[in-house]
Protein chains: 2
Amino acid sequence: MKKKIVRIKDIAEKAQTSKGTVDRVLHNRGRVADDVRERILAIIKELNYEPNLIAQSLKSQRAFNLAALIPDPNLDSYWEAPHNGLEKAEKELRQYGVHITKFIFNSHSDTSFIAKAKEVGREHPDGLLIAPIFYKEALPFFKEWADMGIPYVLFNTQIEHVHPLCYIGQDSYRSGSLAAKILRFGLHSPATVLVAHVNEDISNSAHLITKEEGFRDYFKGEKLDGTFKVISKEINFPEEEGPDKQLDEIRKQYPDLGAVYVTNSKAFEVAAYLEKNALNDIKLVGYDLIGPNQQYLNKGIIDFLINQNPLGQGYWGIHQLANYLIFKKEIPAIKFLPLDIITRENLDYYLDPQ
Amino acid sequence: MKKKIVRIKDIAEKAQTSKGTVDRVLHNRGRVADDVRERILAIIKELNYEPNLIAQSLKSQRAFNLAALIPDPNLDSYWEAPHNGLEKAEKELRQYGVHITKFIFNSHSDTSFIAKAKEVGREHPDGLLIAPIFYKEALPFFKEWADMGIPYVLFNTQIEHVHPLCYIGQDSYRSGSLAAKILRFGLHSPATVLVAHVNEDISNSAHLITKEEGFRDYFKGEKLDGTFKVISKEINFPEEEGPDKQLDEIRKQYPDLGAVYVTNSKAFEVAAYLEKNALNDIKLVGYDLIGPNQQYLNKGIIDFLINQNPLGQGYWGIHQLANYLIFKKEIPAIKFLPLDIITRENLDYYLDPQ
DNA sequence: TTAAAAAAAGTGTTCGAGCACGCATTTGGA
DNA sequence: TCCAAATGCGTGCTCGAACACTTTTTTTAA
């Protein structure tokens, strides 16, 4: 009935040796006779010893300086959530000696990114969390950090062949398919469906392309090619203007426009246009629970949002580093976060999770 | 730059007293002169002291015997998930001395419930997690447990006026509205919408009624009364037979049946019927990711499932007890879990969370 | 054969909070 | 005035693991 906690001392007693020796076996600090080692290992297995993390971290007491290289939330409110997420994680992990230094760059300026990335190197953090939105500019730094032995976790943007400790984010392909599924569910008569990449430098954003693939493949897979026509456009405009001109153009060309899928968090821009022109029948799906999106979701102009859980990305990113550095756990190379479907009725539950 | 951890000793030094005294102030163990108490309190606030949970629980080391009063998962696979959830929580909390004893009753037998509930009382656990699916039978026990000073957490079924430490589950009303929203999105031409209570004793299941209310109110709120007609039926049948007869009847009466909302985890029964009769155009929404439901979700016969996160209910239930008993945290009276919308494309992420 | 070196194993202190214990001072009642 | 009780508050041990340090044992070389 009683679950006895196995301590190092128990193992030592059973093996007729001292806890110091057991400790040496556990941490491979050598200087233990082979037969004793074998005996201890066997007993550890037999008693199913699990180190007491509590006592462990109470003792070790060392500081872990983590660095976070992320965009300025003042320039794009999408980045507020990751900030909150890593602050939440920092709070939880402070007890374990975790401290995070933020290196904040301008998401519109590659030089600012490079400057901050250099700074990170100079700081020699124990671990690094990074949103590598500048793909090409980031590449040389990954090599540098690897050489310095700094483990780094990527989030938000998945990059191939750079061997991070872990990538945290969503499966972009699936994400696109999901958006397609939802819109398909709401569409009935033949219609044109628009994939809109709004105000984003597509050349630096491979994941948006992947989303589009997933989206298109869904419609192909459902053998609906005849009924639905998928088109995609990059819609760029200065902030003051809005996308009106481009969308007018598209509607003129495709009068049967039935749905719009916005591949980033800028769905509110399209929503504003739809509202202005009273286009209630055009379905709209986008990403992220930023303020303007929430408003249009509540108005019913945006039908569904897919939550990329940017807060969770920051939170889990830091936790993965801690799991690796402090708790010596195995880290999966990819941690996909759920594709949460959000609508007016369940929005609340995703705003401040847990 | 450095985040200094404030210790009791630091407070003691600043207050020119000993850590023992600070400790007495912190835990209201009296025997401290008023002026000293004031001074210490002020310093605690000033330094923003937060007790080191690690050291705290390392010391205390006392055993917490929790009891879980839940239905047998072998009789209804829905209950597997809560079992897994509380095992997961137990694993995490074993370090803190938590041990869970399960009292498993037959979900179809009130006498079995009563017998197990009595057993719980005899065991005098430190805390109790309970799925009170027998409403009337449970009432006297709540009083008994309260008198014994055993805190209890409810999950799955919300009961009014019994003052649990906390209720864990979903907002049934919202849950119904959400289902309505989804089905509404997929419906176009005028149609009849069926709310199906499948094989459930409705008199003991207030939350199913609440779901139906939420569902109906959504359609009312949207001013769609004219276009959509909401009907509700209790559909009871022996396991071997299936709901075919009842559903045939309903379809005869309402030939324009466009959607079915199953208020519990039995959507697969309706799905089997729809598949058999090739009724591809009838939309179907139900609850819970149990095996049969998953199959029909993958086939596209069930369009969406709402995840009640039964695993999370067990997991969080135990955690709330631990937060209360061990970490002395404030417990909210209600913890609503998110209303997750699940479809084929995002199912994976919800199967084994975190 | 023995001394020195190397290897193996044991000992003791540390981390922060909880709490039992007990000393010192004050208070109260006769 | 004197003793006992009550109050105020400091000391020191505890928890489990880590690691430096010490002691013991074994090996090697002279």
Side-chain angles (χ1 to χ4, degrees), chain A residues 3-41 43-44 47-64 93-98 325-328, chain B residues 2-41 43-44 47-64 93-98 325-329:
Chain A
K3 199 140 282 178
K4 209 171 39 206
I5 287 180
V6 183
R7 301 160 304 172
I8 282 190
K9 202 178 149 194
D10 300 321
I11 296 168
E13 272 166 23
K14 198 147 199 155
Q16 310 216 54
T17 174
S18 79
K19 63 199 183 79
T21 307
V22 175
D23 177 75
R24 248 160 281 148
V25 173
L26 281 169
H27 298 87
N28 290 315
R29 280 204 255 99
R31 297 169 162 264
V32 180
D34 281 349
D35 59 327
V36 181
R37 149 177 279 108
E38 297 284 307
R39 189 148 37 97
I40 291 176
L41 248 23
I43 292 172
I44 286 175
L47 297 185
N48 194 19
Y49 168 78
E50 282 180 28
N52 185 329
L53 291 182
I54 298 170
Q56 209 163 20
S57 58
L58 173 62
K59 182 60 190 75
S60 61
Q61 203 65 6
R62 69 162 281 207
F64 293 92
L93 294 167
R94 197 165 48 210
Q95 311 243 352
Y96 297 93
V98 169
L325 293 167
I326 305 179
F327 306 119
K328 317 279 182 202
Chain B
K2 254 181 213 160
K3 196 139 283 175
K4 214 170 34 208
I5 288 180
V6 183
R7 302 158 303 171
I8 283 190
K9 205 180 147 195
D10 299 323
I11 297 167
E13 272 166 21
K14 197 146 198 155
Q16 310 216 51
T17 173
S18 79
K19 65 197 186 79
T21 307
V22 176
D23 177 77
R24 249 160 280 150
V25 173
L26 281 169
H27 298 88
N28 289 316
R29 281 201 256 97
R31 299 167 160 260
V32 180
D34 280 349
D35 58 327
V36 180
R37 151 176 279 108
E38 297 284 307
R39 188 149 36 100
I40 291 176
L41 248 24
I43 291 172
I44 286 175
L47 297 186
N48 195 20
Y49 168 78
E50 283 180 27
N52 184 331
L53 289 183
I54 298 171
Q56 208 164 18
S57 57
L58 173 63
K59 181 58 190 75
S60 60
Q61 204 64 7
R62 70 161 282 208
F64 292 93
L93 294 167
R94 196 162 49 210
Q95 311 244 356
Y96 299 93
V98 168
L325 293 167
I326 305 179
F327 307 119
K328 317 279 184 202
K329 283 195 195 156

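Lettering follows sequence order; numbering is per chain, from 1.
- Separating the NZ atom of Lys59(A) from the C1' atom of dC15(C) is a distance of 6 Å, rounded to the nearest angstrom.
- One atom, CD1 of Ile8(A), and another, C1' of dG10(C), lie 14 Å apart when rounded to the nearest Å.
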Reading nucleotides 7-12 of chain D from 5' to 3' and marking B where a protein heavy atom lies under 4.0 Å of the base, S where only the sugar-phosphate is that close, and - otherwise, the string is BBBBBB
Let me check something: any side-chain donor-acceptor pairs from residues 33-40 of chain B under 3.5 Å, sequence neighbours excluded? List them with distances.
unit_1, atom_1, unit_2, atom_2, d
Arg39(B), NH1, Ala15(B), O, 2.4

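- One can place CD1 of Ile54(A) at 10 Å from P of dA17(D), the figure rounded to the nearest angstrom.
- Not a single side chain to side chain donor-acceptor pair (under 3.5 Å) links Asn52(B) to another residue, sequence neighbours left out.
- Across the protein-nucleic acid pair, Glu13(A) atom CD and dG16(D) atom P stand 12 Å apart, rounded to whole Å.
- Between the C1' atom of dA17(C) and the CG atom of Asn52(B) lies a distance of 8 Å, rounded to the nearest Å.
- The C1' atoms of five pairs define one axis at each end of the helix from dT1(C)-dA30(D) to dA30(C)-dT1(D), and these two axes lie 50° apart (to 10°).
- In this model, the phosphate group of dG16(D) is not approached by any side-chain N or O of Gln56(A) to a distance below 4.0 Å at OP1 or OP2.
- Put simply, the side chain of Tyr49(A) reaches to within 4.5 Å of the side chain of Ile8(A), judged on heavy atoms.
- The salt bridge (charged side-chain N to carboxylate O under 4.0 Å, His left out) check on Lys19(B) picks up nothing, with sequence neighbours excluded.
- Not a single ring pair (Phe, Tyr, Trp, His ring centres under 6.0 Å) links Phe64(A) to another residue, sequence neighbours left out.
- For Glu50(B), the salt bridge (charged side-chain N to carboxylate O under 4.0 Å, His left out) partners at least two apart in sequence or on another chain are Arg94(A).
- In this entry the distance linking CZ of Arg37(A) with C1' of dA9(C) reads 13 Å, nearest Å.
- Contact annotation: Arg7(B) does not reach the phosphate of dA17(C) (side-chain N/O to OP1 or OP2, under 4.0 Å).
- In this structure, Asp23(A) places its CG atom 6 Å from P of dA18(D), rounding to the nearest Å.
- For the side chain to side chain donor-acceptor pair (under 3.5 Å) test, residues two or more places apart in sequence or in another chain that qualify with Arg7(B) are Asp10(B).
- Phosphate proximity of dA17(C) to Tyr49(B): present, with a side-chain N or O under 4.0 Å from OP1 or OP2.
- In this model, the phosphate group of dG18(C) is approached by a side-chain N or O of His27(B) to a distance below 4.0 Å at OP1 or OP2.
- Protein atom CG of Leu58(A) is 6 Å distant from nucleotide atom C1' of dG16(C), rounded to whole Å.
- Listed by chain and number, the residues in a side chain to side chain donor-acceptor pair (under 3.5 Å) with Thr21(A) are Thr17(A), Ser18(A) (sequence neighbours excluded).
- Taken to the nearest 0.5 Å, the CD atom of Gln56(B) stands 11.0 Å off from the CG atom of Leu58(B).
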